[in-house]
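Below: the structure, in structure tokens.
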There are 2 protein chains.
Amino acid sequence: MAVKDELGDLFVESRGFGAEALTEEELEKLKELSRLCKGDILKMTSLAGSGHPGGSFSSLDIYLVLYTCAKVYPHEPERPDRDRIVVSHGHTSPGVYSVLARLGFFSREEAIATFRKAGSLFEGHVERVIPGVEWTTGNLGQGLSVGCGFALASRLTGVPYHVYVVMSDAEQAKGQVAEARRFAKKFGLSNITVIIDYNELQISGSVHEVMPVNIKGNYLSDGWEVMEVDGHDHQALYKAVRESLRREGPVVIVAHTVMGKGVSFMEGDEEYHGRALKEGELAQAFRELEVENDRPRLLSIREAFSASNEPVSMPRYTPRVDPGQPFTYRPEDKVDNRSAFGKALRDVGLRNCGVEGQTPIAVFDCDLADSVRTSWFAQDLPSYFFESGVSEHNTAALAGALSTQGVVALFADFGVFGIDEVYNQHRLNDINGSNIKLILTHLGLDVGQDGKTHQCIDYIGLLKNLYGFHLVVPADANQMDRAVRYIFTRYGNYAIGMGRSGQPIIVDEKGEPLFGYGYRFVYGQADVVRKGDKATIITYGQMVHRALKAWETLSEKGMEVELLNMSTPLHPDREALVRAAAKGPVIVYEDHNLFSGLGSILSDLAVEMGLSVRIRKMGVKGYAPSGTPHELYRMLGLSPDDLVKVVEEEIHG
Amino acid sequence: MAVKDELGDLFVESRGFGAEALTEEELEKLKELSRLCKGDILKMTSLAGSGHPGGSFSSLDIYLVLYTCAKVYPHEPERPDRDRIVVSHGHTSPGVYSVLARLGFFSREEAIATFRKAGSLFEGHVERVIPGVEWTTGNLGQGLSVGCGFALASRLTGVPYHVYVVMSDAEQAKGQVAEARRFAKKFGLSNITVIIDYNELQISGSVHEVMPVNIKGNYLSDGWEVMEVDGHDHQALYKAVRESLRREGPVVIVAHTVMGKGVSFMEGDEEYHGRALKEGELAQAFRELEVENDRPRLLSIREAFSASNEPVSMPRYTPRVDPGQPFTYRPEDKVDNRSAFGKALRDVGLRNCGVEGQTPIAVFDCDLADSVRTSWFAQDLPSYFFESGVSEHNTAALAGALSTQGVVALFADFGVFGIDEVYNQHRLNDINGSNIKLILTHLGLDVGQDGKTHQCIDYIGLLKNLYGFHLVVPADANQMDRAVRYIFTRYGNYAIGMGRSGQPIIVDEKGEPLFGYGYRFVYGQADVVRKGDKATIITYGQMVHRALKAWETLSEKGMEVELLNMSTPLHPDREALVRAAAKGPVIVYEDHNLFSGLGSILSDLAVEMGLSVRIRKMGVKGYAPSGTPHELYRMLGLSPDDLVKVVEEEIHG
């Protein structure tokens, strides 16, 4: 799709902001491009009948200076050492597309004609699949976190580049931006320059009225350097950016702009934030811009366009991670799943971080490293460990971005912080094809006595909505060890879940570790913990050893039931369900919300597969009190004794 | 449960921070209480074997001054004009409980003996069910948003009181706090005083190392007044708080404290943040505090304690809202569901806001009022409309808190911002028994051409996890009008969902509005749109009129199928499903994530009810591109034609 750019021999010296200033000729070119791009933007949005011309105009000159002078390569858009330009206010896509097209990243005609048409690359908000676009955005306030992730990746991979983040003024009101600012400052990310398009307007009117934000004061108070510049003056923009590269950083450039700049009636009117121009308006705008109106021709291209059904894949690297050798815990070892995770993580970390040719692993913590057992990794690999304090939104988004740049990112947190609080950040990561390893501890009712605000009983219900996510909830330390090693060898979003308490090692009927020497973790495969033919208990995680207790009682009573561990609840083992259905009733036993856990997934699957099976669900029916797990399971009808009772009911009717 | 307090005749003059200073006698009493409460805290946490003594000690003197001198009433804890004291760092529960018990809010013995035991009121984090506790917290960074909600409630209900928010230093790193600060400033909430327990330690160590936050600079830059004080000097605390009441506000008091203050070996050691003392430590601490060790007696009370199974209900008011008369749109009216919502909202607003004896309604917007159609309400009732800009987390939490204080709170936003981004805030609202009306627009694929970051195709999958939430996705403007009026007459969390596009008015076979004059909205009841007996199509919202198109085609082909509108997907109509199962196959047709939408809920229900039924699910199988709804439904196999095809397949096999 690469095409010829319109720059000729210009911008050679100024590439990478090397020259002290832009030449007259370069300034002329930028002026010309600015005019032409505005025409392109109006064509795009009017052909689509929607889109955001106002903000595109106001950010346009920033985009022009950045994309012409940063180290980006139209014919090699994925070059590893390219500068990263992150557009946080993704609705200015017409502005971005118009510039990238003029610089030869892709066909201008295609971008203009197919903008926002189903199946076109050129979606409503900027998309990572487009050459030159680094991150799919749209939800505001994410860009600086993403930029921090990229900046960190440069440090960890040793590939030098600069990161530019362009943001709107309105999104400065979002708290996540403050979190990202502090992260950048704490970790000395001097390879970031933020440029804020300060047009003082947002959808609902003046930024000073909608939600006043002291932008300059906020950045200063968080230790950033602040510069101000006319955001339509190419030379001034160039010099400011150039200067920012020479400062300690991080630096924010507040670029004073005018929404709708360049078309008289659009200037300073928020009405044009999010609507295309009407016919008469358009004619006048084209006249003012001295741009030819070739819409009829473009329209016919648009109408003829039909999407290929081939999904466009996002750029992704192949992680090269040595997972090491599985470690087998013996039944007499006292070990909780958290510690088994922490030990495996340290082992994998030591084998790969800083080792030539291996993909490094970065670990993120939000003030719970001891509790989530990332502290051993932190001790041994301090330069790969990032303590972010109580700022989960930035951390989740940042880790997602980093994970796409040749580094595996692992974010470990209590379930309620790691997924409930940052669900949307993971959704956006998933949309961006990230490679995040999400460790969720303190799941279910097994959270000590911290009570309902800390009980994560919805992680399956949440992750089920994210198409790209996998989830493993290992039954014991041995399965945990193997699952942890496994997820590092796969590209993609993998969550691993666990409770807080120590768990016995699950053994087979001979007393040997079930997930020991002969066992290999296979994603999506259920494990037969005990055999039986009267009924099947299906469970996972911290409930397995409780189910095993129940199984023993049942066995003593002469009731032989099958006990299955389904450690990948988002992708349950279909064949195992078929086998279970053939035996008799299925009892799903979990300390998850009854309405959204494995029980509901298996019921759904049974109907889909046309299986005739009775499924009895045991789970959590309401927000639960605080107490020890033992107390809670009894109180809520989820103890091994309760399971025995339910199985008996199901068998004897 | 009210018991005698230990204050005698003290604090009469200083109540409400009236007296210029505390008397010597009062200071003596506070000193004494501080010592005794520390003993109580250590007993509590050691009996429970967990909890947070360190932070409880450091916040203790703040709690003592606030609970003795603010206008709170041990024997009338719900008095409407009481001051609201919000504890944001809910893990300091032992500190809060010890003070409230000594002041006579409840039995000291019970609080100490049953702390963190399952079934006890005295949970690990402060809980709203406890007399004197205003909000269940635990997840950090929420308290100031809650305080803003309370402060606004005072303004809207005309009941005068002051709001005190006590926060930790570590949670200042959370972005939501900045959002709340700006909200308080923008709306001139001068009835808030924030006190930050600045002990400079958090779980992982020094706040200056974990994540440096320029607390003073941040508050100043957001326009707050800042005071500093020794957080263990009762007189200084008293005077600072008193002064804050006289300032323009909002005011933050940074209280310099020492974690573990009062026990030599605990002071300044973050190890005691989150663990109970061991036996030897405890003995030494009791000696230092000169506190009697009556743990054996308390332990026996703890062991004898058995929870009643009666759920303790949270305080709630009875909303008195006049819903007005339903409005019926005619088939020839061009109206989208958003506008029908907006008109009904304005009508209900005008009938109740500022009307003597009626419960006021407050509407919250995050810079999308025109798009979500709250702008008409805003125009006519500007003092009940709160524009929050791009700051969804604070807005959701604040609206939840406000909604418990005699005001109905309505928060309207695009689905991805209103639920995906703030899922956890709604979880916490739900835990707190809020009365929020959540309006989610731009649901499904019907979002204009904004693309995947803006497509909310997971709202059912998310809301399903929240036990207290209801959801209505009306089929047309008439059902919308009735649903909107309905939710205002109920206490509780109700979401209403809709797409973006205009929808035809659904009519019956005579061409009359189906949801017109004779129709009354009943939550949980399915509507028969068309009758038939070969199969049943079940759908809701923006898919109903598409399904009706398919129905017509099928009917022309001689296939009479039933068409059901199930507008309350979280609580589907069981009887309707039974009737459908009796007819034949069920086709669930929705533009929601296939794995977590109504189809999966119905499958789950069918298995639970033991129904033998074939359910064919049509839904969204992956993140979708941007495009018009029409294009997208075709591309993704969700057009009326696709539905016809699927129904035919199901009928003919």
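All chains are named by letter (A, B, ...) in the order of the sequence lines, taking the proteins before the strands, and each is independently numbered beginning at 1.
Only the backbone of B:Glu209 comes within contact range of chain A, with at least one heavy atom under 4.5 Å from a heavy atom of that chain. Residue contact with chain B, scored on non-hydrogen atoms closer than 4.5 Å, is absent for A:Asp370. With a threshold of 4.5 angstrom between heavy atoms, A:Glu270 does not approach chain B through any atom at all. Neither the backbone nor the side chain of A:Asn394 comes within less than 4.5 Å of any heavy atom in chain B. Heavy-atom distances place the side chain of A:His52, and not its backbone, under 4.5 Å from chain B. Using a 4.5 Å cut-off between heavy atoms, A:Leu368 touches chain B through backbone and side chain atoms alike. With a threshold of 4.5 angstrom between heavy atoms, B:Asp367 approaches chain A through its backbone and through its side chain. Residue A:Phe417 touches chain B through its side chain alone, counting heavy-atom pairs closer than 4.5 Å. Using a 4.5 Å cut-off between heavy atoms, A:Ser600 touches chain B through backbone and side chain atoms alike. Contact annotation for A:Glu127: only side-chain heavy atoms (C-beta onward) come within less than 4.5 Å of a heavy atom of chain B. Only the side chain of B:Leu428 has a heavy atom closer than 4.5 Å to any heavy atom of chain A. Residue A:Val586 does not touch chain B at all, counting heavy-atom pairs closer than 4.5 Å.
Annotation: maximal heavy-atom pairing with chain B below 4.5 Å, among A:Ser626, A:Gly217, A:Ser120, occurs at A:Ser626. Contact count against chain B (heavy-atom pairs under 4.5 Å) is highest for A:Gly622 among A:Gly90, A:Ser93, A:Gly622. The residue among A:Val613, A:Leu140, A:Ile203, A:Val177 with the most heavy atom pairs within less than 4.5 Å of chain B is A:Ile203. The greatest number of non-hydrogen atom pairs below 4.5 Å with chain B, out of A:Gly389, A:Gly124, A:Ala118, A:Ala606, is found for A:Ala118. Annotation: maximal heavy-atom pairing with chain A below 4.5 Å, among B:Gly627, B:Gly205, B:Ser603, occurs at B:Ser603. Each of B:Gly448, B:Ser388, B:Ala369 has some count of heavy-atom pairs under 4.5 Å with chain A, and the biggest count is that of B:Ser388. The greatest number of non-hydrogen atom pairs below 4.5 Å with chain A, out of B:Gly49, B:Gly468, B:Gly138, is found for B:Gly138. The candidate with the highest count of non-hydrogen atom pairs below 4.5 Å against chain A, out of B:Pro212, B:Ala178, B:Gly451, is B:Pro212.
With A:Lys186 contributing its side chain and B:Val210 its backbone, the two residues share a donor-acceptor pair below 3.5 Å. Listed for the A:Glu179 side chain is a donor-acceptor partner under 3.5 Å among the backbone atoms of B:Gly175. Between the side chain of B:Arg427 and the backbone N or O of A:Thr453, at least one donor-acceptor pair lies under 3.5 Å. Proximity of a side-chain donor or acceptor of B:Arg182 to a complementary backbone N or O of A:Ala173 within less than 3.5 Å is detected.
A:Phe595 CZ to B:His571 NE2: the interatomic distance, rounded to the nearest 0.5 Å, is 7.5 Å. Remark: A:Leu466 CG to B:Asp420 CG distance equals 9.0 Å, nearest 0.5 Å. For the atom pair CD of A:Glu631 and NZ of B:Lys117, the computed distance is 6.0 Å after rounding to the nearest 0.5 Å.
Residues A:Arg116 and B:Thr628 fail the side-chain proximity criterion, which asks for heavy atoms closer than 4.5 Å. Looking at B:Gln176 and A:Gln176, their side chains never come closer than 4.5 Å, going by heavy atoms from C-beta outward. Counting heavy atoms from C-beta outward, A:His125 and B:Asp450 have side chains that approach closer than 4.5 Å.
Between A:Lys174 and B:Glu392 there is a salt bridge, since a side-chain N of the basic residue sits under 4.0 Å from a carboxylate O of the acidic one. With salt bridges taken as basic N to acidic carboxylate O contacts below 4.0 Å, one links A:Asp604 and B:Lys617.
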Evaluation steps, side-chain hydrogen bond (donor to acceptor under 3.5 Å, both in side chains), between B:Ser221 and A:Asn214: CA-CA 6 Å; B:Ser221 74; A:Asn214 178 3; 4.8 Å; no

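Other residues, nucleotides and ligands place more than 12 heavy atoms under 6.0 Å from the CZ atom of A:Arg616.
Ring geometry, A:Tyr623 versus B:Tyr467: the interplanar angle exceeds 60°, so the pair is classed perpendicular (tilted spans 30 to 60°).
For B:Asp222 and A:Asn218, the side-chain atoms include at least one donor-acceptor pair closer than 3.5 Å.
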